Amino acid sequence: MIEKTQTEEKSLNFLEEIIENDIKNGKNGGQVYTRFPPEPNGYLHIGHAKSICLNFGLAQKYGGKTNLRFDDTNPSKEETEYVDSIREDVHWLGFQWEKELYASDYFEQLYQWAVQLIKEGKAYVCDLSQEEISEYRGVPTKPGKPSPYRDRSVEENMDLFERMRKGEFPDGARVLRAKIDLASPNMHMRDPIMYRIMHAEHHRTGNKWCIYPMYDYAHGESDSIEGITHSICTLEFEVHRPLYDWFIQALNIHAPQQIEFARLNITYTVMSKRKLLQLVKENHVNGWDDPRMPTICGLRRRGYTPESLRLFAEKVGVARRENVIEVELLEWCIREDLNKRAQRVMSVLDPVKVIIDNYPEGQTEELDAVNNPEDASMGTRKVPFSRELYIERDDFMENPPKKYFRLSPGTEVRLRYAYYITCTNVVKDAEGNITEIHCTYDPATRGGGSPDGRKVQGTIHWVSAQHALDAEVRMFDRLFSSPEPENTEEGKTFLDMMNPNSLTVLRNCKIEPFLKNTKALDHFQFERLGYFTTDADTKDGKLVFNRTVGLKDSWAKTIKN
RNA sequence: UGAGCUAUGGUGUAACGGUAGCACUACAGUUUUUGGUACUGUCUGUCUAGGUUCGAAUCCUGGUAGCUCAACCA
């Protein structure tokens, strides 16, 4: 009997297609080995998260391995601090690397290979200045002309290169160049620089070296040494691929395949490392992990989970065309995750006092509240109730518009998990601000249901005034508010596009006593207000929360319509 | 006046010569102890002009638009 198999396979992205083809054809013995190769010159951001998920995800899917390799070939920019943060962020995202390696591990091997290329007449020492090299190289539309040092003898090249290594020459005096093609339409093939002299202390090799390999020379060889099969990088390296292949071929070593994909862009989000560094250095934000930053550590502190970031990476897909992902997708991903795991809790960010006149003074009772309506296994908790409560200031309106379902004079609403209450009176201060809302409650509605079956239109959250804890809540808006912060035309810099109200601190928030023992990075849904995450640092024992993301629809917006 | 890459709804991403689908967004509705969640529905799409073909988003040619490339950065 033949069974009809409904193969509901998810369609493959172009990377998976390439890899499956390679496996099918027995290339690399059917193995998949990838690498994530950051330069330790800054913190990782969400764009890197996409690359990490791609590299590790692909290897995982096809039973392969992934290395974490630090591309540390330029000591003037690199620091150990960055190495540590990168290691931590990749780990936090949920990935384990096969090996932790450094391009600097290969300096000696790279040097030997350079010697080999010199001996084969494929590389030469050039004494031209930086400006001269640039001039000799020509422009894309016109061929360059050969350096006068291009035809030095092997002996002279060897002598000079050895002396470069020994430190006999000052920075910039000479470089080692590959002898390729000055007429190539691809500028990267016009005798690219392989080594430059740089008397700088390297974060790992110290002062052992004063010549350092360039990216183009080091990267492919590093991939090759590690046995990488698929070297996945972003689109701007596409023009480097012929050079990548040239070195591999000239050296006749294992040939990884470089494949490029389009980097991630997100609306309203600055993704350039240079600009993020500027935001930090000029103190426009409070460090790399400021919750407004698109860095992985910033997102973590804001309350994003590894799962949500991995989901995002999956949802944005991968292709070779330029793209700008709407930030709404990122927000959907974290809501999707937090909705399942975050405990519901009642919290009042902008409190106004409610007094239940017919509730006995001094009486306290405990009511049952469910922790997560989506997940009964998360259980219930007790919420204390008393005569004086706080509710959200905007949950009361003296003169409500139509479709306002919450508290107003004469209307009855449900206090969630508690009682129906009806507003009878309002007390104001000299400026006309409401200071107390007086209500009566119906004792028969305990728990929030009415025996007579009458309905209330609204349900609002509350906390007991005498039991409530004080908390500080930080609300983060988008750092950039213009339609396209990357658009710096009309003389504007990206800093001009910054939203001055991107951080609001609410210091007078009241939260359920239940929240007393929260740990850093605990996630909660404050009913109707959004998702909040305990900040890593609490001040003076005071609870501090960061708002991760709001709920999908804002209440205010609905009222406006 | 060079080379390379890319073009599918508002945004992403599928369809690999044979019914243009999925997700996000937006809007509408059902359920609901918060207007959330869940579920249902609606709106929008193959850059353009030719060609090949019974049949083209897909193949070919021309155009147009966008991106990348002229660091001793990665």
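Labels below follow one simple rule: chain letters A, B, ... track the order of the sequence lines, proteins then strands, and each chain is numbered from 1. Model, not experiment: these values are computed from the prediction.
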Taking only the side-chain heavy atoms of [X] (C-beta and beyond), determine which of [options] contains the nearest atom.
X: A:Thr141; options: B:G2, B:G4, B:A74; result: B:G2
X: A:Thr73; options: B:C5, B:C69, B:A74; result: B:A74
X: A:Glu336; options: B:C72, B:A38, B:G36; result: B:A38
X: A:Glu322; options: B:C67, B:G12, B:G35; result: B:C67
X: A:Glu238; options: B:C73, B:C5, B:U68; result: B:C5
X: A:Asn323; options: B:A74, B:C72, B:G12; result: B:G12
X: A:Arg406; options: B:A71, B:G35, B:C69; result: B:G35
X: A:Met187; options: B:C69, B:A74, B:G35; result: B:C69

Less than 6.0 angstrom separating the ring centers of [X] and [Y], yes or no?
X: A:His203; Y: A:Tyr82; result: no
X: A:Trp462; Y: A:Phe385; result: yes
X: A:Phe524; Y: A:Phe532; result: no

Say you draw a straight line from CZ of A:Arg344 to CG of A:Asp375; how long is it, rounded to the nearest 0.5 Å?
->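 Here the rounded value is 9.5 Å.
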
Classify [X] by what it touches in the nucleic acid, base, sugar-phosphate, or nothing, heavy-atom distance under 4.0 Å.
X: A:Gly449; result: base
X: A:Glu39; result: sugar-phosphate
X: A:Val175; result: base
X: A:Val318; result: sugar-phosphate

What integer number of Å spans the [atom1] atoms of [N] and [M]?
N: B:C24; M: B:A7; atom1: P; value: 24 Å
N: B:U6; M: B:A20; atom1: P; value: 26 Å
N: B:G66; M: B:U8; atom1: C1'; value: 16 Å
N: B:U48; M: B:G9; atom1: P; value: 10 Å
N: B:C27; M: B:G62; atom1: C1'; value: 42 Å
N: B:U31; M: B:A26; atom1: P; value: 22 Å
N: B:G10; M: B:U44; atom1: C1'; value: 8 Å
N: B:U68; M: B:G17; atom1: C1'; value: 32 Å

Salt-bridge contact [X]-[Y] (side-chain N to carboxylate O under 4.0 Å):
X: A:Arg528; Y: A:Glu392; answer: no
X: A:Glu168; Y: A:Arg174; answer: no
X: A:Asp368; Y: A:Lys382; answer: yes
X: A:Glu39; Y: A:Lys77; answer: no

Nucleotide-resolved protein contact map, nucleotides 17-24 of chain B, B/S/- at heavy-atom distance under 4.0 Å | ------SB

Presence of [X] side-chain N/O under 4.0 Å of [N] phosphate oxygens OP1/OP2:
X: A:Arg190; N: B:G2; value: no
X: A:Arg321; N: B:U13; value: yes
X: A:Arg274; N: B:A71; value: no
X: A:Arg196; N: B:C73; value: yes

Once you round it to whole Å, what is the distance between [atom2] of [N] and [atom1] of [X]?
X: A:His523; N: B:U37; atom1: NE2; atom2: P; value: 18 Å
X: A:Arg177; N: B:A70; atom1: CZ; atom2: P; value: 14 Å
X: A:Arg320; N: B:A14; atom1: CZ; atom2: P; value: 13 Å
X: A:Arg241; N: B:A3; atom1: CZ; atom2: P; value: 18 Å
X: A:Ile325; N: B:U13; atom1: CD1; atom2: C1'; value: 9 Å
X: A:His240; N: B:A71; atom1: NE2; atom2: P; value: 11 Å
X: A:Phe237; N: B:A71; atom1: CZ; atom2: C1'; value: 13 Å
X: A:Glu527; N: B:U37; atom1: CD; atom2: P; value: 13 Å

Only pairs under 3.5 Å count here: list side-chain donor-acceptor contacts from residues 134-147 of chain A, not counting sequence neighbours, and write none if there are none.
{"residue": "A:Ser147", "atom": "OG", "partner": "A:Tyr149", "partner atom": "N", "Å": "3.0"}

If every non-hydrogen atom of A:Leu338 is compared with every non-hydrogen atom of A:Gly303, which pair is closest and at what distance?
->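 Residues A:Leu338 and A:Gly303, closest heavy atoms: CD2-O, 4.1 Å.
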
Would you mind telling me which residue lines up with the more 5' stretch of RNA chain B, A:Ala262 or A:Gly458, judged by nearest nucleotide?
->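 Nearer the 5' end of the strand: A:Ala262.
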
Would you mind telling me which residue lines up with the more 5' stretch of RNA chain B, A:Pro185 or A:Ala319, judged by nearest nucleotide?
->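 Looking at RNA chain B, the more 5' nearest nucleotide goes with A:Pro185.
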
Sort out the partner of B:C24 for me: Watson-Crick or G-U wobble, both distances under 3.5 Å, none otherwise.
-> B:G10

Between A:Tyr43 and A:Glu81, does any side-chain donor sit less than 3.5 Å from a side-chain acceptor?
-> yes

Answer yes or no: is there a donor N or O on one side and an acceptor on the other, between the side chain of A:Tyr111 and the main chain of A:Arg165, under 3.5 Å?
->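 Such a contact is absent between A:Tyr111 side chain and A:Arg165 backbone.
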
Over 12 non-hydrogen atoms of neighbours within 6.0 angstrom of CZ in A:Arg263 =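 Counting other residues, nucleotides and ligands, CZ of A:Arg263 stays at 12 neighbours or fewer.
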
Where along residues 373-384 of chain A does a heavy atom fall under 4.0 Å from RNA chain B?
-> A:Pro373, A:Glu374

